A.B. asks: 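A single structure is presented below for examination.
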Protein chains: 2
Amino acid sequence: MKTADPELMRAMNRLSVLDTIRRRGPISRVEISERTELSTTTVSAITGSLLDDGLILTRHEGDIRNEAVRGRPRVMLEVNPDAARVVGAKIAASRMVFVVTNFRGDVLSQLTLPIRIDRQPIAVIADLVEDGVRRCVVDAGLSLEDVDSVCLGLPGVIEHRTGHIRSSPIFREINIDFASEMSTRLSTPTIVESDAHAITLGHHWFGKARDLQDMVLISLEQTLGLGVLHGNRLFRGAGGLSHNLGDLVLGTGPQGIVRLSSQAGESAILGEQQADGRFAEAVRLGRGMTHVQALIQADDDRLIGAAVRAGEAVGLTIANIVTLFAPPRVILVGSSLALGEPFLNSLRDAYALAIPPSLKGVSELVFDDSTDDFWAQGAAAVALYELYESPWSTTGPAL
Amino acid sequence: MKTADPELMRAMNRLSVLDTIRRRGPISRVEISERTELSTTTVSAITGSLLDDGLILTRHEGDIRNEAVRGRPRVMLEVNPDAARVVGAKIAASRMVFVVTNFRGDVLSQLTLPIRIDRQPIAVIADLVEDGVRRCVVDAGLSLEDVDSVCLGLPGVIEHRTGHIRSSPIFREINIDFASEMSTRLSTPTIVESDAHAITLGHHWFGKARDLQDMVLISLEQTLGLGVLHGNRLFRGAGGLSHNLGDLVLGTGPQGIVRLSSQAGESAILGEQQADGRFAEAVRLGRGMTHVQALIQADDDRLIGAAVRAGEAVGLTIANIVTLFAPPRVILVGSSLALGEPFLNSLRDAYALAIPPSLKGVSELVFDDSTDDFWAQGAAAVALYELYESPWSTTGPAL
DNA sequence: GCTATTTAATACGAGGTGCAAATTAAATTC
DNA sequence: GAATTTAATTTGCACCTCGTATTAAATAGC
C-alpha cells in the first residue's frame, strides 16, 4: 500500500492547486483557496513553488469583479503554456492524426496522414508513426528534444500500465510492447493508451464533460470502445486494461454467440455492402461513414436496415452500461455517428426502452461529432495528465 | 477535492497499520513496517496509539520463527476482539438472518427468522428487523448500548451514501430512508447496504477473496446483484448506487426487451412451475431452491430446461462483466446455485463460449455455497469497515 | 493630494507527521 | 556473566499545513 508521508501530501495538494489553475482559467489565489479548501498560506506557498518551476504565470489584468471594488487587486494565475510540449496521436486503421500541444493543451500543429496501415507489419507501422510524430513536431517549429512525452491512442485492448497492446485491429500480432518500441525510436517517453480512454480524458479536459466528475464515453468506430471517468479519474479495469465493448455479448442467435461488434462495428455495417465494391475506396480513405450517410440520404434500404440494427444494439448496450455505472452523462463519439438519423433514432429508442425504470433520467445521452483532431488532443491530455501528476522538478523542499 | 493535511496522512497510515494487523493475524511491529513500508518509528507510534485506544492487544507468544533465533523476541500484535461489537443482517424476502460479531468479525450469536416479509408495509418490516436485532444482541449476552453499529444487507438498488432504498423486492414502496428509520428505532448508527456488496466485502475479509485486491461477485438470489472490489475497495457506481444485474438486457425477443431477471431470477425459474402449486410452501419457507434441486434430481424436464436457460443467461452476463472489469476472480453466490449441475454446467459452457479470446484465462470462476450466516457476517464486515476507517476516538494529537 | 479603508498576499510561529540515527530492552550464545 | 543479536523506543530534524499578524496595493472620502 502507498505510504503517506509529507512528500505525498505535498504532491496531492500541488496537483490539486495546479489542476484548479488549469481548469478555472486565470484564477486568483483566494479563489484557489476557496475551491481547494486549502488555507491561503498553503496556496501561496504552493503557487510560489509552481511559479519558481515555471509551470504557471501571473497576469495582472483579468479580475472580473474589478471596477468599483476596493482593496488590493487579485493577481491572476494561469498555466504557463510553454512549460511543456507533448505529442498526441490517434492511430486508426485508415489514417493517423498527430497534434503537438503546449502545456495548456492548445494545439500547436496538426498533421493527418490518410494512410491505410491495417494489417501492416509492426515495423512498417512503427516507421509511419515515428515519421508522423517527427514531422508534426517540425511543423510546430520544434525539435523532439523540446517534447516532454508522447501519447499514442489506438483502438483495441491496451494495457496502459505496461504499454502493451494486447490486441488491436490494426496489428496482426498480439501482445506488442509498443510503448518501449516507440520510446527508443523517439528517445522520448511514450505512452500507449486506448483511443477511447484518450478521448474520454479529452472530454473531461476540453470537451463535453468539463463539469463532471463521473461520466461514461462510448466510442463507435472500427472497434467499439468504452471510457469510464470515476471521481475525476479514468477507471481502468483491474490491471489497467482498457475495455473492448465489441466483445460484449448481446445474446445467442441461431449460429451461436452474437457479439456487439458483429452488429455495430464499422465493418459489420459496411461489410454487408462490400460485395458490390462501392465502398472500397471510401473506406480506404477513412471516409466510409461519410459516404454511407450520402447513400442513406439516397434511401438505400439495405444500409438503413443495417444502421437501424446497429443503433438498436448500441442502445441496448448503453442501457446496460448505465445500469452498471449510473453515470450522469453518456457521451457517444466516433465515425458511426455519421450514419445519421436512422441510426441515432433507433439507438435512442432502444435505449429508452431498455433503461430500467429506476434509472430513468439519471443519465443524459450526448452525441459528439468531434473530428480526429480532438481524439489526438485527448491523447495529448493523457500525456499532460501524467506530467501534471508527476512530482516534477521535485524542487524538493520548498526553499 | 479532499485536502491533504497531517490529519489525513495520519488517518491513512493508521488504517493501513490496523488493516495489516487485522489481515495478518498476530503480527510483529517489524513485519508491519515491512508490509506497509512505514518506518519502524512510525509503526511504533501508531501501534502505541492503537494500544492506548484499546483497538489492538499484545501477545507475547506466537512468534513463529522462534527457537534458535537470537535477539529480543518480537511482540505480536492482534486486533482486540472486544474493541467493538456490530450487528450484521441479511434481510431477504423469506427470511432474515442476524449475527452479532466482535471487532474481529467473529460471530458471537446468530439468529434466523424464517418469516416471509415480502410486500409487507414498511412499519411491519421495520418492527421485525428491530425485533431480530434486539433478540440477537440479547442472545450474545449484550445490550444495544454495547453495539457500535448495525448494517442491514438487503436486495435491490440501495444508495449506500444516503442510506436510501431506491427499490427493493421486499418493499412495495420506493425511495425509503431506511437507514434513519432504523437508526432512530435502535438508537444505534445503522447502515443500509446492498446484500451483494455486503457479501463481497465478506469474501474479501473472511472468504474466498482474502488474497485479492480486485474481484467481482455475482449474487444469484431473488434478485441478481453485483459487487465489484477494485483496489481493495468496494466500487460503487457514481452516487454510491448498488448495481442491479437483473435489469441488464440480454437482447430483444418477440415480445420486446428481455432482461436477465426474466431468465435467471428466482421467480423466473420457479414461476413457470407455480401453476401446479407444488412450490408454494417451499418458496414461502425460503427453501425454494433446495426443493428445486430435489425435483431436478427426479428429472423434471421443465425445471431442467429452466435451469439450463438460466445458466446460459448468467454465463453470458458474467462474460460481459469480465469484459468490462477484467477481474482475476469471479465469485458466484446465492440460492440459485442450488439448482445444481444442469444450471452450473450450462453456465460454465455459456461463459466459456462468450468470453472473448483475448481475456481467456484472466478470470477464474469460483462457486460459493455459503449459508446465510456468511451474508450476515459480510454485512457485519461493512459495519466494521466503517469503524476501522473512522478516525476513531480521534485520540487527537498523540500525547 | 493626503489619509482611512478594504482586500490580497506574505511572514512567522505552533502543532502535527514521518524518518534516520542513537539508545534502550530483552532474548540467545559462548 | 559478558558478548552478541534483534526489537522497540527515544531523540533530533526536516517537512507540511494552518491561524494570526503583518505588509502590499488598490479605492473612497475629504
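Any value given below was found using the heavy atoms of this structure, including those in side chains, with hydrogens, waters and symmetry copies removed. Just so we're clear, the structure is a prediction, and the values are computed from it rather than from any experiment. Lettering follows sequence order; numbering is per chain, from 1.
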A.B. asks: For DNA chain C, whose closest nucleotide is more 5', that of B:I46 or that of A:V43?
C.D. replies: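 The residue closer to the strand's 5' end, by nearest nucleotide, is A:V43.
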A.B. asks: Under 4.0 Å between a side-chain nitrogen and a carboxylate oxygen: does that hold for B:R329 and B:D211?
C.D. replies: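 Looking at B:D211 together with B:R329, the answer is yes, because their closest N to O distance falls below 4.0 Å.
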A.B. asks: For A:H60 and D:dA24, give me the distance from atom NE2 to atom P, rounded to whole Å.
C.D. replies: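 Result: 15 Å.
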A.B. asks: Using a strict threshold of under 4.0 Å (side-chain N to carboxylate O), is an ion pair present between A:E389 and A:R233?
C.D. replies: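 Salt bridge flag = yes for A:E389 with A:R233.
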A.B. asks: For the pair made of CD in A:E34 and P in C:dA9, what is the distance, rounded to whole Å?
C.D. replies: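 A:E34 atom CD is separated from C:dA9 atom P by 11 Å.
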A.B. asks: Whole angstroms only, please: what is the CD1-P distance between B:I27 and D:dA8?
C.D. replies: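 These atoms are roughly 11 Å apart.
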A.B. asks: In terms of heavy-atom contacts, does CZ of B:R23 have more than 12 from other residues, nucleotides or ligands at under 6.0 Å?
C.D. replies: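 Enclosed.
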A.B. asks: Rounding to an integer number of Å, can you tell me how far B:L8 CG sits from C:dG15 P?
C.D. replies: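 Interatomic distance, CG of B:L8 to P of C:dG15: 22 Å.
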A.B. asks: Using the side-chain heavy atoms of B:R70, tell me which of these nucleotides is nearest: C:dG15, C:dG18, D:dT5.
C.D. replies: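 Closest nucleotide among those given: D:dT5.
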A.B. asks: If you check every side-chain atom of B:R29, which of C:dG18, D:dT9, D:dT17 has the closest atom?
C.D. replies: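 Nucleotide nearest to B:R29's side chain: D:dT9.
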A.B. asks: In this structure, which one of B:H230, B:H160, B:R161 forms a side chain to side chain contact (heavy atoms under 4.5 Å, CB included) with B:R236?
C.D. replies: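 Going through the options one by one, the only one that passes is B:H160.
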A.B. asks: Tell me every residue that passes side chain to side chain contact (heavy atoms under 4.5 Å, CB included) with A:T188, counting only those two or more places apart in sequence or in another chain.
C.D. replies: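 In terms of side chain to side chain contact (heavy atoms under 4.5 Å, CB included), with neighbours along the sequence ignored, A:T188 is linked to A:L144, A:V147, A:V150, A:L186.
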A.B. asks: Quick one: on DNA chain C, does A:E31 or B:T42 contact a more 5' nucleotide (nearest heavy atom)?
C.D. replies: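 Its nearest nucleotide lies further toward 5', so the answer is A:E31.
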A.B. asks: So which protein nitrogen or oxygen atoms get under 3.5 Å of nucleotides 20-24 of chain C's nitrogens or oxygens?
C.D. replies:
| from | atom 1 | to | atom 2 | distance (Å) |
| --- | --- | --- | --- | --- |
| C:dA20 | N6 | B:T41 | OG1 | 3.2 |

A.B. asks: May I have the distance from B:M9 (atom CE) to D:dT17 (atom P), rounded to whole angstrom?
C.D. replies: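 Interatomic distance, CE of B:M9 to P of D:dT17: 10 Å.
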A.B. asks: Whole Å only: how far is the CZ atom of A:R10 from the P atom of D:dC18?
C.D. replies: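 Rounding to the nearest Å, CZ of A:R10 and P of D:dC18 are 11 Å apart.
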A.B. asks: Of the candidate nucleotides D:dA7, D:dT17, D:dA8, which contains the atom at the shortest distance from the side chain of B:R74?
C.D. replies: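 Nearest nucleotide to the side chain: D:dA7.
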A.B. asks: Is any side-chain N or O of B:N13 closer than 4.0 Å to OP1 or OP2 of C:dT17?
C.D. replies: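 No, no such contact exists.
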A.B. asks: Can you tell which of D:dA8, C:dA27, C:dA9 lies closest to the side chain of B:P73?
C.D. replies: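 The answer is C:dA27.
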A.B. asks: For A:F325 and B:F325, I'd like to know if the aromatic rings sit close, meaning centre-to-centre distance below 6.0 Å.
C.D. replies: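 Yes, the ring centres sit under 6.0 Å apart.
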A.B. asks: Take the protein atom CD1 of A:I32 and the nucleotide atom P of C:dT10, then report the distance between them rounded to whole Å.
C.D. replies: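 My rounded result for the distance is 11 Å.
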A.B. asks: Applying salt bridge (Lys or Arg N to Asp or Glu O under 4.0 Å), name anything that partners A:R85, two or more places apart in sequence or on another chain.
C.D. replies: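 With neighbours one apart ignored, the set is A:D82.
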